[in-house]
Amino acid sequence: MFQKIANALSVEVEGTDLTKASILEFYVKQACQFFQYTPVVVDETHLLVKIPYADAMRLQASTVRLQLALTDGDGNPMAAEIVQTDAKRFLKEAGYA
């Protein structure tokens, strides 16, 4: 699902054509930390989410929860299932470790 690309996260999404989506938001949550990013659509199934260094350094060595929300081409709001991963792995995938 994730691939390292120069301090950004490549996210693969199945089940919707991202080129027709609007109002895309990518969330990162850990305990009291909450970050919201606007991803860039790369193609029909891939997004690129830039994670600022300051935000990445605020994460602790524990589980982070990731989620994507968007409005599909038909105007329906959608949210992907929450993905949980270790913060260290997440930061490595985002290009920081």
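- In the model, Arg65 has no side-chain atom that pairs as donor or acceptor with a side-chain atom of Gln84 under 3.5 Å.
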If you apply the rule side chain to side chain contact (heavy atoms under 4.5 Å, CB included), what do you find for Asp86 with Thr63, and how did you get there?
CA-CA 4 Å; Asp86 179 72; Thr63 301; 5.7 Å; no
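- Side-chain contact check for Thr85 versus Leu66: some heavy-atom pair is nearer than 4.5 Å.
- Note that CZ of Phe35 and OH of Tyr27 are 15.0 Å apart. Values are rounded to the nearest 0.5 Å.
- Nearest heavy-atom pair across Ala61 and Ala87 is CA-CB, 4.4 Å.
- Heavy-atom neighbours of Gln36 CD from other residues, nucleotides or ligands within 6.0 Å: above the threshold of 12.
- With a 6.0 Å radius and a threshold of 12 heavy atoms from other residues, nucleotides or ligands, Gln60 has its CD atom at or below the threshold.
- The two residues Leu9 and Ala94 have their closest heavy-atom pair at CD1-N, 4.0 Å.
- For the atom pair Leu70 CG and Leu18 CG, the distance stands at 6.5 Å (nearest 0.5 Å).
- Taking CG of Leu68 as the reference point, atom CD1 of Ile82 lies at 12.0 Å (rounded to 0.5 Å).
- By the 6.0 Å contact criterion, NZ on Lys29 is enclosed, its count of non-hydrogen atoms from other residues, nucleotides or ligands being greater than 12.
- No hydrogens or angles considered: a donor-acceptor pair under 3.5 Å links the side chains of Gln30 and Ser62.
- Of the possible polar contacts, one joining the Asp17 side chain to the Thr19 backbone as a donor-acceptor pair under 3.5 Å is found.
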